[in-house]
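In what follows, a single structure is set out as structure tokens and then discussed.
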Amino acid sequence: MKQHITALIQAALDTLVQNGSLPADISPSIMVENTRDKSHGDLASNVAMTLAKPARRNPRDIATMIIEALPQSDMLTKTEIAGPGFINFFITSASATKVVEDILAQGTDFGRSKTAKEDKIQVEFVSANPTGPLHVGHGRGAAYGATVADILAADGYNVSREYYVNDAGRQMDILAVSVWLRYLEHCGESFTFPANGYKGQYVYDIALQAKQQHADQFHHSAEIVFTDLPLDEPEGGDKEKYIDALIVRCNELLGDKFKTLFDVGLEAIREDIRDDLSGFGVDYQEWFSERSLTSTGDVDQALARLEASGHLFEKEGNTWFKSTDFGDDKDRVVKRANGATTYFASDIAYHMNKFDRGFDKVINIWGADHHGYITRVKAAISALGYDANRLVVKLVQFAILYRGAERVQMSTRSGSFVTLRELRDEVGTDACRFFYVTRKADNHMDFDLELAKSQSKDNPVYYIQYAHARICSVMEKLANSEWQLDSQNGLQVLADSSDDDEKSILNQLAKYPETVHNAATNFEPHLIANYLKDLASAFHTYYNSNKMLVEDAKQRDSRLILSLAVKQVLANGLALLSVSAPQRM
RNA sequence: GUCUCCAUAGCUCAGCUGGAUAGAGCGUUUGCCUCCUAAGCGAAAGGCCGCAGGUUCGAAUCCUGCUGGGGACACCA
């Protein structure tokens with residue numbers, strides 16, 4: 001509809017330029033927008049006002065000329081000039097009704113892009129370290145990332161979802177040691193658990209699993225394990241040095257078996273995370289291992305490429321990437337003097353790998369704490385010879401948890417946190433998915449657990465689902481009656497209707513495809529959530545003032561056909577957010 | 001110190017990328033079930049859109065400065 005009117009205006013402008021009423025060198029971008037107030041028609045354009053200055057004419061005069069030059073259209077009832085020079089368009093109810101036909105014909109495809117786009121897009125999200133179960137903070141990234149991916153797919157892109165598994169590095173070593181120590185406890189040893197170890201209950205569970213699978217292969221007496229170690233923090237020592245010493249000790253004592261134990265922990269947690277996310281409606285095409293970057297030689301290759309293009313230098317034995325050449329505020333170490341590559345080096349290799357896999361665009365959903373990381377990663381991408389704009393980083397602010405008025409402190413290390421799984425169990429997956437996505441990702445979010453749990457019925461997601469369930473219920477009643485729905489009759493009556501509630505629903509329905517498109521191009525799923533609330537609201541109003549199943553076949557058919565269209569769009573929108581559309585509630 | 005995000009109703013937040021009288025939920029006051037689901041609908045009250053400039057026909061929206069808040073940042077994975 002908007003395109004249609006834009007074309008009409010363009011035609012009118014062409015005519016005016018040809019007959020000399022307007023100068024030839026104007027090339028306005030024609031904007032057609034939905035009106036807020038229905039007395040201003042259905043759609044409005046401000047071209048006349050934007051043309052006023054270059055054409056050196058009064059905007060209302062220009063508007064008059066445009067209207068006179070406008071080609072005939074059977075989709076419009078009238079056009080008028082309003083305010084300082086708006087042109088308001090009034091659409092015939094017949095053409096407004098066409099959207100209902102479209103929706104019913106296209107079904108679940110309504111709102112999805114009709115043309116597949118060439119671009120391959122990768123969305124990488126969550127990627128939490130596999131050192132423990134996901135907590136509610138990760139939930140937001142999961143809901144946001146998954147929804148962005150789904151919306152992009154709906155907009156016609158070829159989308160791949162990926163989880164980067166940080167299965168290398170010190171954090172994982174600490175986890176392995178933590179598992180080992182709990183394992184030793186299961187073997188009957190007793191000692192004080194290190195201050196810096198992972199203390200969560202899940203570590204016991206994994207240790208028990210290790211014991212069942214590998215018997216006492218990893219068993220050493222506490223005496224041997226703890227001889228000649230530096231002091232831990234509670235004794236006045238340094239907890240970091242202490243845990244590092246334990247990692248070394250664990251390696252010495254276990255030798256080759258260290259990796260076996262390490263992998264027991266890694267796989268247990270990775271599978272737990274995979275399972276958890278899957279239950280949250282979040283599934284991936286690829287679980288990418290950080291370790292694999294080293295074994296395939298990607299890290300070396302990436303560094304070699306940077307070396308070859310002259311972006312590396314040596315200083316004090318370390319190898320540095322000259323990221324300041326690309327706007328970073330300092331250079332970064334990629335390889336330490338001892339030959340170990342840094343975490344950053346892995347990241348460079350990872351992004352090289354992403355582009356080499358043929359993704360045209362790569363979207364990283366990161367927690368807000370990675371903010372400072374963006375410049376250097378983009379710098380590396382540029383240095384490798386790729387266009388850094390092909391990487392889009394979306395930062396997700398943390399959800400700050402409250403229990404009532406009290407802020408909940410969370411730490412994976414100490415094991416005191418609310419897991420995503422607990423949250424799902426208590427609040428429900430639908431409500432969680434929806435709630436996480438109702439707010440813009442870059443805004444802070446207060447997540448009050450008490451509120452989410454105790455007042456879950458006030459959650460807007462139920463409001464939307466309720467509208468869907470109501471329609472389903474009416475349809476069920478219809479099926480059990482002697483009446484049949486005559487769609488053609490319904491559409492005709494609807495086209496002749498001048499009911500305000502019906503018009504506003506039609507208007508809202510017509511906005512769905514562009515809402516999906518906007519949400520996709522701006523990576524803003526909350527637009528869908530807001531849209532659905534509005535649509536549900538329009539429907540609830542309509543439902544309350546009109547009975548659907550009435551004797552009069554004309555009224556009945558038109559109301560039912562409109563409701564069916566609403567039901568379809570609600571279902572499509574909820575599906576995009578991975579929220580269920582229940583038949584009854 | 002540098003970077004970044006934010007500031008809109010009592011509270012939590014929208015505001016369609018610059019449009020006409022700034023919206024919703026919760027909370028407050030209040031009306032509506034002999035009728036398809038009251039997890040709903042209607043009405044009322046509630047606003048210096050943080051402050052000050054600038055850009056133009058027009059600013060909550062764009063630019064600059066200020067104030068106030070969240071967060072990030074040190075060869076740490």
Side-chain angles (χ1 to χ4, degrees), chain A residues 31 33-37 39-40 44-46 48-50 52-53 58-59 82-86 88 129 131 166 168-174 240 290 315-320 329-337 342-344 346-347 367-375 395 397-398 400 438-448 451 455-467 469-478 481 511 514-515 518-519 521-522 524 526-527 529-531 533-534 536-537 539-550 556 559-560 563 584-585:
Chain A
M31 299 242 314
E33 319 171 300
N34 296 308
T35 54
R36 195 171 297 165
D37 186 334
S39 68
H40 297 137
S45 179
N46 61 349
M49 288 180 291
T50 57
K53 195 162 193 188
N58 177 316
F86 288 101
N88 294 337
N129 286 341
T131 52
N166 296 109
R170 181 164 169 267
Q171 296 306 318
M172 286 306 295
D173 286 338
I174 296 176
E240 303 292 345
E290 179 188 356
K315 194 174 121 192
E316 294 160 8
N318 294 329
T319 307
W320 299 69
D329 49 8
K330 62 194 296 188
D331 295 324
R332 309 289 172 176
V333 173
V334 288
K335 191 185 264 188
R336 308 257 209 95
T342 61
Y343 185 86
F344 180 45
S346 297
D347 259 347
D369 54 337
H370 285 69
H371 161 66
Y373 224 70
I374 300 174
T375 328
L395 292 181
Q397 296 288 337
F398 293 126
I400 303 164
T438 14
R439 277 147 180 72
K440 275 197 294 204
D442 53 13
N443 279 2
H444 296 268
M445 183 166 80
D446 292 336
F447 199 128
D448 186 339
L451 201 73
Q455 301 195 359
S456 62
K457 286 183 179 173
D458 290 330
N459 193 309
V461 71
Y462 295 100
Y463 181 80
I464 298 164
Q465 290 180 319
Y466 187 52
R470 270 183 153 175
I471 299 170
C472 291
S473 171
V474 171
M475 293 306 157
E476 200 181 308
K477 286 273 192 312
L478 174 74
S481 72
K511 279 197 261 184
E514 66 186 89
T515 304
N518 281 341
T521 49
N522 298 318
E524 291 185 338
H526 76 277
L527 294 179
N530 288 337
Y531 170 86
K533 276 193 256 182
D534 289 344
S537 170
F539 178 75
H540 282 309
T541 302
Y542 182 60
Y543 180 91
N544 263 272
S545 47
N546 301 89
K547 190 164 157 58
M548 309 274 146
L549 299 171
V550 290
R556 192 178 65 230
R559 287 170 188 173
L560 288 172
S563 300
R584 59 181 65 218
M585 291 174 71

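Note on naming: letters A, B, ... go to the chains in the order of the sequence lines (proteins, then strands), and numbering restarts at 1 for each one.
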Over all atoms of both residues, closest heavy-atom pair of A:Tyr373 and A:Phe344:
OH-CA, 3.5 Å
For B:U56 and B:A24, measure between their P atoms and round to the nearest Å.
34 Å
So what's B:G10 paired with, Watson-Crick or G-U wobble, going by both distances under 3.5 Å?
B:C26
Taking a pair as Watson-Crick or G-U wobble with both distances under 3.5 Å, which nucleotide is matched to B:U4?
B:G70
Quick one, A:Thr438 and A:Lys533 - any side-chain contact, counting heavy atoms below 4.5 Å?
yes
So which one's nearest nucleotide on RNA chain B is more toward 5', A:Ser45 or A:His526?
A:His526
Between B:C75, B:C41, B:C35, which nucleotide gets closest to the side-chain atoms of A:Lys547?
B:C35
Take atom P in B:A60 and the same atom in B:A7, then report the distance between them in whole Å.
15 Å
Could you go through A:Asn34 and A:Lys511, starting from their C-alpha distance and side-chain angles, then the distance that decides it, and tell me whether this counts as side chain to side chain contact (heavy atoms under 4.5 Å, CB included)?
CA-CA 9 Å; A:Asn34 296 308; A:Lys511 279 197 261 184; 3.4 Å; yes
Nearest-angstrom distance from the residue atom OH of A:Tyr343 to C1' of B:C75:
16 Å
Among B:U37, B:C36, B:A14, find the nucleotide with the atom closest to the side chain of A:Met585.
B:U37
For atom NZ of A:Lys335, decide whether the heavy atoms of other residues, nucleotides or ligands shown that lie under 6.0 angstrom number more than 12.
no
From CZ of A:Arg584 across to P of B:C36 the rounded distance in Å is 15 Å
When you check the glycosidic angle of B:U17, does it come out syn, meaning within 90° of 0, or anti?
syn
Any side-chain heavy atom of A:Ser563 within less than 4.5 Å of one from A:Arg470?
no
Could you state the atom-to-atom distance from CD of A:Glu514 to C1' of B:U17 in whole Å?
13 Å
Just checking A:Tyr531: base, sugar-phosphate only, or nothing, at a heavy-atom cut-off of under 4.0 Å?
nothing
OP1 or OP2 of B:A39 versus the side-chain N and O atoms of A:His540: is any pair under 4.0 Å?
no
Among B:G42, B:C16, B:A14, which is the nearest nucleotide to the side chain of A:Asn34?
B:C16
Integer angstrom distance from the C1' of B:A14 to that of B:C76:
39 Å
Round to the nearest Å and state the distance from A:Lys533 atom NZ to B:U12 atom C1'.
10 Å
How far apart are the closest heavy atoms of A:Asn88 and A:Ala82, and which atoms are they?
ND2-CB, 3.3 Å
List the atom of A:Lys315, the atom of A:Trp320, and the distance in Å for their closest heavy-atom pair.
O-NE1, 3.4 Å
C1' atom, B:A9 versus B:G25: distance in rounded Å?
12 Å
Name the nucleic acid region contacted by A:Glu316, choosing base, sugar-phosphate or nothing; use a 4.0 angstrom heavy-atom cut-off, strictly under.
base
Find the distance A:Asn530:CG to B:G25:P and express it as a whole number of Å.
12 Å
Could you give the distance separating B:G50 and B:U61 at their C1' atoms, to the nearest angstrom?
16 Å
When the C1' atoms of B:U34 and B:A43 are compared, how many Å lie between them, rounded to an integer?
25 Å
A:Arg584 vs A:Glu476, test: side chain to side chain contact (heavy atoms under 4.5 Å, CB included). Steps then yes/no.
CA-CA 10 Å; A:Arg584 59 181 65 218; A:Glu476 200 181 308; 2.9 Å; yes
Can you check whether A:His40 stacks with the B:A20 base, using ring centres under 5.5 Å and planes within 30°?
yes
Counting primed atoms, P, OP1 and OP2 as sugar-phosphate and everything else as base, the B/S/- map of nucleotides 2-9 of chain B against protein heavy atoms under 4.0 Å is -BSSS---
Measure the distance from OH on A:Tyr462 to P on B:C26 and round it to the nearest whole Å.
15 Å
Side chain of A:Asn544: nearest nucleotide among B:A14, B:G19, B:C41?
B:C41
Scan every strand shown for a Watson-Crick or G-U wobble partner of B:U17, both distances under 3.5 Å, and answer none if you come up empty.
none
Nearest heavy-atom contact between A:Tyr466 and A:His540 is CD2-CE1, 3.5 Å
Check the chi torsion on B:C33 and let me know: syn if it falls within 90° of 0, anti if not.
syn
Quote, to the nearest angstrom, the C1' distance that separates B:A59 from B:G18.
7 Å
What is the distance from atom NZ of A:Lys440 to atom CG of A:Asn530, rounded to the nearest 0.5 Å?
10.0 Å
At under 4.0 Å between heavy atoms, what does A:Asp173 touch on the DNA or RNA strands: base, sugar-phosphate, or nothing?
nothing
Please assess A:Leu549 against A:Leu560 for the test side chain to side chain contact (heavy atoms under 4.5 Å, CB included), listing each intermediate value before the final yes or no.
CA-CA 8 Å; A:Leu549 299 171; A:Leu560 288 172; 4.3 Å; yes
Result for 5'-nearest mapping on RNA chain B, choosing between A:Ala469 and A:Arg439, is A:Arg439
Nearest-neighbour nucleotide for the A:Tyr463 side chain, B:C35, B:C13, B:G40 considered
B:G40
Look through every strand shown and name the nucleotide pairing with B:U64 as Watson-Crick or G-U wobble, where both distances are under 3.5 Å.
B:A52
Does A:Asn318 contact B:C75 through a side-chain donor or acceptor facing the base, at a distance under 3.5 Å?
yes
Check every atom of B:C75, B:C36, B:G15 against the side chain of A:Val333 and return the nucleotide holding the closest atom.
B:C75
What's the closest nucleotide to the A:Glu33 side chain, out of B:G19, B:U37, B:G71?
B:G19
Whole-Å gap separating C1' (B:C73) and NZ (A:Lys330):
9 Å
Phosphate contact (B:U37 OP1 or OP2) by A:Ser473 side-chain N/O below 4.0 Å:
yes
Across the strands shown, which category fits A:Asn522 at heavy-atom distances under 4.0 angstrom: base, sugar-phosphate, nothing?
base
For a quick check of understanding: with a heavy-atom distance under 4.0 Å over all strands, which category does A:Ala467 fall into, base, sugar-phosphate or nothing?
nothing
To the nearest Å, give me how far apart NE2 (A:His370) and P (B:A72) are.
12 Å
Phosphate contact (B:A38 OP1 or OP2) by A:Arg470 side-chain N/O below 4.0 Å
yes
Could you tell me how far B:U8 sits from B:A45 if I compare only their P atoms? Round to whole Å.
23 Å
Compare side-chain N and O positions of A:Lys477 against OP1 and OP2 of B:U37 and report whether any pair is under 4.0 Å apart.
yes
Below 4.5 Å, heavy atoms only, C-beta onward: do A:Phe86 and A:His40 meet side chain to side chain?
no
If you check the A:Leu527 side chain, which of B:A20, B:G15, B:G19 turns out closest?
B:G15
What nucleotide, of B:A14, B:C36, B:A20, holds the atom closest to the side chain of A:Phe86?
B:A20
Closest of B:C75, B:C36, B:A20 to the A:Asn88 side chain is B:A20
Under 4.0 angstrom, heavy atoms only, what part of the nucleic acid is A:Tyr543 near: base, sugar-phosphate, or nothing?
base
